[in-house]
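Input: a single structure, listed below in structure tokens.
Treat the numbers as computed from the prediction; the structure is a model and nothing was measured. Below, chain A is the first sequence line, B the second, and so on; all start at residue 1.
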There are 2 protein chains.
Amino acid sequence: MGWRAVDRAELTSTAQNAEAPDYLLEDQVGHLLRRAHQRHTSIFQANIGDQQLTPLQFAALMKLADVGEASQNHLGRLTAMDAATMQGVIKRLIARDLIARRPDPDDRRRLLLTLTTEGVALVDKATARGHEISDQTLGPLAPADRQAFLKLLRRLTD
Amino acid sequence: MGWRAVDRAELTSTAQNAEAPDYLLEDQVGHLLRRAHQRHTSIFQANIGDQQLTPLQFAALMKLADVGEASQNHLGRLTAMDAATMQGVIKRLIARDLIARRPDPDDRRRLLLTLTTEGVALVDKATARGHEISDQTLGPLAPADRQAFLKLLRRLTD
DNA sequence: CCCCAATTGTTCGTACACGAACGATGGTCG
DNA sequence: CGACCATCGTTCGTGTACGAACAATTGGGG
């Protein structure tokens, strides 16, 4: 959808350096990670279906279904979002009645988050979509390469 | 810096499902790509030095140094940014006198971008930093694994 | 018990990311 | 030539991302 492949036909069009430059953007990990993430987001939007869910909103819902109940900061750590980002994600999910927020009786600083009935229903319906999205993202890799890739990728996240 | 590892001590704290859930966020490619990209951004900010440059601004400068001259949309395709994102990146680089913009005499729709003297000087000084950042990002992988990882990652970007 | 450092949630400001719509220009084809 | 469609740059709106500062609350050490 939004994602566009780099136009390779243009790569050598206006080159001023005939020799190889000492820094090639398309060989850098950061650039490749960014493009792979762009492609994944595009696949996500095309497959999540009618529900208007972003990858972060989906991640928050799925993690909340996993742990049952969590404070905002806790859920943020579990999904790798900082407190400020969490604000917006939570706000939009609450506005759609997919999650509910109540004060923690044991700690007046905290707000406990849970899925609503509607949220549980959406999670049940969207779980298969999630796996489908992961499959399509890894689609270009041979089945044998996928586990190896995930193992290496996971090392770059700790 | 901004990036935080998922707190593994909290992963099982409030679990309501004793059995394994059917969708584990931390095993999904999209989540891992996002976290790896977060970590890379953090490494970038810590190593780019005194210059206040973001990864996208750095990419635009480096690509422009590579091709010499390009229109906004062309440079956007070469760096995988859409036209709207390019607006902000270009605006900030022009405000800092790192790049210059002039109308294309052959096509009145286009604006040609080039590095200024100051921009060339910054690129020369920052190139080594760029390689250092890529090395640190791949740091957790054994040297033999790095090429294999990049090869697989590149397949997920086309 | 009181002070103090840490944690929680919130807001502000800046910077990507991209769909969508727009006016201006360019090339093409009948 | 003229209708037509693609491309260029721009703007608007929504949604991440995150540093920084803030008030309220908690827990621990002296």
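Phosphate contact (OP1/OP2 of C:dT7, side-chain N/O of A:Arg77, threshold under 4.0 Å): absent. B:Thr54 has a side-chain polar atom (N or O) that falls below the 4.0 Å cut-off from OP1 or OP2 of C:dC16. The side chain of A:Gln72 places an N or O atom within less than 4.0 Å of a non-bridging phosphate oxygen (OP1 or OP2) of C:dT10. Using a 4.0 Å cut-off, no side-chain N or O of B:Arg109 falls inside it from OP1 or OP2 of C:dG26. Phosphate contact (OP1/OP2 of C:dG9, side-chain N/O of A:Asn73, threshold under 4.0 Å): present. Not one side-chain nitrogen or oxygen of B:Arg110 sits closer than 4.0 Å to the OP1 or OP2 atom of D:dG9. For the pair B:Arg34 and C:dA17, the criterion of a side-chain N or O lying under 4.0 Å from OP1 or OP2 is not met. Residue A:Arg92 places at least one side-chain N or O under 4.0 Å from the OP1 or OP2 atom of D:dG15. The phosphate of C:dC18 has OP1 or OP2 within less than 4.0 Å of a side-chain N or O from A:Gln38. For C:dC16, the OP1/OP2 oxygens have a side-chain nitrogen or oxygen of B:Gln57 closer than 4.0 Å. The side chain of A:Arg101 places no N or O atom within less than 4.0 Å of a non-bridging phosphate oxygen (OP1 or OP2) of C:dG9.
Following rounding to the nearest Å, B:Gln52 (CD) and C:dG13 (P) show an atom-to-atom distance of 19 Å. For B:Ile48 and C:dA15, the CD1 to C1' distance is 16 Å, given to the nearest whole Å. Taking atom CG of residue B:Asp106 and atom P of nucleotide C:dG27, one finds them 9 Å apart after rounding to whole Å. Protein atom CZ of A:Arg102 is 16 Å distant from nucleotide atom C1' of C:dT8, rounded to whole Å. A straight line from NE2 of A:His40 to P of C:dA17 spans 16 Å, rounded to a whole angstrom. Distance CZ (A:Arg108) to C1' (C:dT7): 15 Å, rounded to an integer number of Å. With rounding to whole Å, B:Met86 atom CE is found 16 Å from C:dA15 atom P. D:dA17 atom P lies 11 Å from atom NE2 of B:His31, rounded to whole Å.
At a threshold of 4.0 Å, the pair B:Arg154-A:Asp27 counts as salt-bridged, since one of the basic side-chain nitrogens sits closer than that to a carboxylate oxygen. The pair B:Asp104-B:Arg109 does not meet the salt-bridge criterion, since no charged nitrogen lies less than 4.0 angstrom from a carboxylate oxygen.
The side chain of B:Gln87 has D:dT11 as its nearest neighbour among D:dT11, D:dC18, C:dT11. Side-chain proximity of B:His37 to the nucleotides D:dT16, C:dA17, D:dC12 is greatest for C:dA17.
Between the side chain of A:Glu132 and the backbone N or O of A:Thr127 there is no donor-acceptor pair closer than 3.5 Å. Checked by atom type and distance alone, the side chain of A:Arg96 never pairs as donor or acceptor with a backbone atom of A:Gly119 at under 3.5 Å. At distances below 3.5 Å, not a single donor-acceptor pair connects side-chain atoms of A:His40 with backbone N or O atoms of B:Leu156.
When the nearest nucleotides of DNA chain D are assigned to B:Ala83 and A:Met81 by heavy-atom distance, the more 5′-ward of the two goes with B:Ala83. Annotation: of the two residues near DNA chain C, A:Leu112 and B:Ala84, the 5′-most nearest-nucleotide partner is A:Leu112.
B:Thr41 comes within contact range of no nucleotide atom at all, as no heavy-atom separation falls under 4.0 Å.
Of the options A:Leu112, A:Thr114, A:Ile90, a side chain to side chain contact (heavy atoms under 4.5 Å, CB included) to A:Arg101 is made by A:Ile90 and by none of the others.
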